[in-house]
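Each chain gets a letter, A, B and so on, in the order the sequences are listed, and its residues count up from 1.
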There are 2 protein chains.
Amino acid sequence: MTSSAHGHPSAFPKPGHNHARCTSDALRRAEAVCASRKVRLTEIRRRVLEAVWQSHVPVGAYDILSQLNAGGGRTAPMQIYRALEFLMDNGLVHRIASLNAFIGCAHMGEDNHAAQFLICRSCGTTAELESAPLKRALIQAVAERGFTIDSQIVEISGFCPHCTPKGRT
Amino acid sequence: MTSSAHGHPSAFPKPGHNHARCTSDALRRAEAVCASRKVRLTEIRRRVLEAVWQSHVPVGAYDILSQLNAGGGRTAPMQIYRALEFLMDNGLVHRIASLNAFIGCAHMGEDNHAAQFLICRSCGTTAELESAPLKRALIQAVAERGFTIDSQIVEISGFCPHCTPKGRT
DNA sequence: CGTATAATGTTATGTTATAACATTTACAAG
DNA sequence: CTTGTAAATGTTATAACATAACATTATACG
Ligand SMILES: [Zn+2]
Ligand SMILES: [Zn+2]
Ligand SMILES: [Zn+2]
Ligand SMILES: [Zn+2]
């Protein structure tokens, strides 16, 4: 039902949207997911999730580290990576392989979905793309080659609707 | 016309194939590409390309480095990365983002193509997937969201035909 | 030749990620 | 409420991947 930026489901996050709401929605849903899965959203995991949700731009593990340590903390990289692993295992965060960075999942709680991403080269904003036809085409193409699919990475780089120069396709 | 493992174009590289031929084909085509593009396939670039083509398993930059330095060489990481950059710029090698590794392009000389990859979790063998329907579905899905595509990464992990347990889909 | 450009060599450092082990915390069985 | 135990966290060190900056050498072309 919810979407990354309160518009209709396929909307790309808009520059001026009420992002505080994205964050609070995300945290609320994360609590629910963890409760239903009987896993614990501990302090550090929650703080890492908050850091990830500070924007729709994927964030590096060491950026998260800096944030957590901004007030004189002593958190170590390992702890960040462990929290991220937990968040990914529970479908709360995705890793963007092409950026070595992480982003909050826009569809928490929904079935462990294989996500595709649109990454804006200009503003960095990254959105999940849920395209059934694309998924079908992918499964079809792979099956034709006798390959058994296990997981997939689809990361598309370009210009988001808000950064596309006028007149461009 | 050629394919990664001498079968018909969509065949996945077979375990026992004559891989020496893959390598020599690749080097010959690379020479041709470089000649036609008026760029130089220098000694180190050629050696890196050979290293990449030692198998159909993506190879890390530091693995290449070890190979080149096996006989007491003193090549530095920077030189490997520069050679790889050249090879990628000229469409001779692809980077596999999910593995931080590199693999020889199966379609050298053909138009700078956006490739998709099938990566076997068992044997590591990685093949390029050229699926027009997939490409179309991708372009379509992206366009619908008002996104201007620039480049794309598609990396599918699973089991190749030769590693798929019997009875598995 | 002389000179500009491309390529390579060299040193140092930045960035991302994990290994290994110690300590603390949560939680339930007794 | 202890006490065992599994989960989570803390800590130190290091592995793995990648680039910056600058010096030197090779190539091409007038
Ligand atoms: Zn938002
Ligand atoms: Zn943008
Ligand atoms: Zn081969
Ligand atoms: Zn295989």
Side-chain angles (χ1 to χ4, degrees), chain A residues 30-31 33-35 37-52 57-69 71-90 92-103 119 124 153 155, chain B residues 30-31 33-35 37-52 57-69 71-90 92-103 119 124 153 155:
Chain A
E31 302 272 17
V33 167
C34 288
R37 301 187 60 147
K38 298 193 202 316
V39 295
R40 296 170 51 214
L41 187 60
T42 58
E43 174 67 12
I44 192 168
R45 290 168 178 172
R46 186 193 181 86
R47 292 213 291 156
V48 168
L49 185 61
E50 277 173 9
V52 163
V57 178
V59 58
Y62 281 76
D63 293 336
I64 297 171
L65 184 63
S66 302
Q67 280 190 46
L68 295 213
N69 284 344
R74 308 196 164 288
T75 309
M78 190 68 246
Q79 299 171 257
I80 305 295
Y81 281 102
R82 280 201 288 233
L84 287 168
E85 184 183 26
F86 168 87
L87 294 169
M88 286 191 291
D89 286 349
N90 290 285
L92 306 177
V93 158
H94 293 288
R95 180 167 194 275
I96 307 296
S98 56
L99 301 176
N100 294 326
F102 304 84
I103 191 163
I119 306 167
I153 292 175
E155 296 173 13
Chain B
E31 302 271 17
V33 167
C34 289
R37 299 188 60 147
K38 299 192 202 317
V39 294
R40 297 169 50 214
L41 187 61
T42 59
E43 174 67 12
I44 192 167
R45 290 167 178 172
R46 186 192 182 84
R47 292 213 292 155
V48 168
L49 185 60
E50 277 173 8
V52 162
V57 178
V59 59
Y62 280 75
D63 293 336
I64 296 171
L65 184 63
S66 302
Q67 280 189 48
L68 294 213
N69 284 344
R74 309 197 163 286
T75 309
M78 188 69 245
Q79 299 172 256
I80 305 296
Y81 281 103
R82 280 201 288 234
L84 287 169
E85 184 184 25
F86 168 89
L87 294 169
M88 286 191 290
D89 286 350
N90 290 284
L92 306 176
V93 158
H94 293 289
R95 179 166 195 275
I96 307 295
S98 57
L99 301 175
N100 294 327
F102 303 85
I103 191 164
I119 307 167
I153 292 174
E155 296 173 13

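Annotation: side chain to side chain contact (heavy atoms under 4.5 Å, CB included) contacts of A30(A) (sequence neighbours excluded): L41(A), L49(A), L92(A), M108(A). Applying the salt bridge (Lys or Arg N to Asp or Glu O under 4.0 Å) criterion to R46(A), with sequence neighbours excluded, gives E31(A), E50(A). Residues that satisfy the side chain to side chain contact (heavy atoms under 4.5 Å, CB included) test with E85(A), not counting sequence neighbours, are D89(A). Residues that satisfy the side chain to side chain contact (heavy atoms under 4.5 Å, CB included) test with S66(B), not counting sequence neighbours, are absent from this structure. Among residues two or more places apart in sequence or in another chain, the side-chain hydrogen bond (donor to acceptor under 3.5 Å, both in side chains) test is passed with N100(A) by R95(A).
Mapping P77(A) and Y62(B) onto DNA chain C by nearest heavy atom places Y62(B) at the nucleotide closer to the 5' end. Of the residues near DNA chain D, Q79(A) and L99(B), the one whose nearest nucleotide (by heavy atom distance) lies more toward the 5' end is Q79(A). Heavy-atom distances to DNA chain C give each of R95(A) and E43(B) a nearest nucleotide, and the one nearer the 5′ end belongs to E43(B).
Listed by first and then second residue, the side-chain hydrogen bond (donor to acceptor under 3.5 Å, both in side chains) pairs that reach into residues 72-83 of chain A are N69(A)-T75(A), sequence neighbours excluded.
The footprint of chain B on DNA chain D, defined by a heavy-atom cutoff below 4.0 Å, extends from dC17(D) to dT27(D).
Among the atoms of the strands shown, base atoms are found under 4.0 Å from some heavy atom of R82(A).
Atom CZ of R74(B) and atom C1' of dT8(C) are 16 Å apart (whole Å).
In this structure, the separation between CG on L65(B) and CE on M78(B) is 12.0 Å, given to the nearest 0.5 Å. Atoms CD1 and CD1, on I153(B) and I96(B) in that order, are 9.5 Å from each other to the nearest 0.5 Å.
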**Request:** Heavy atoms under 4.0 Å is the rule here; annotate nucleotides 23-28 of chain C 5' to 3' with B where the base is hit, S where only the sugar-phosphate is, and - elsewhere.
**Result:** ---S--
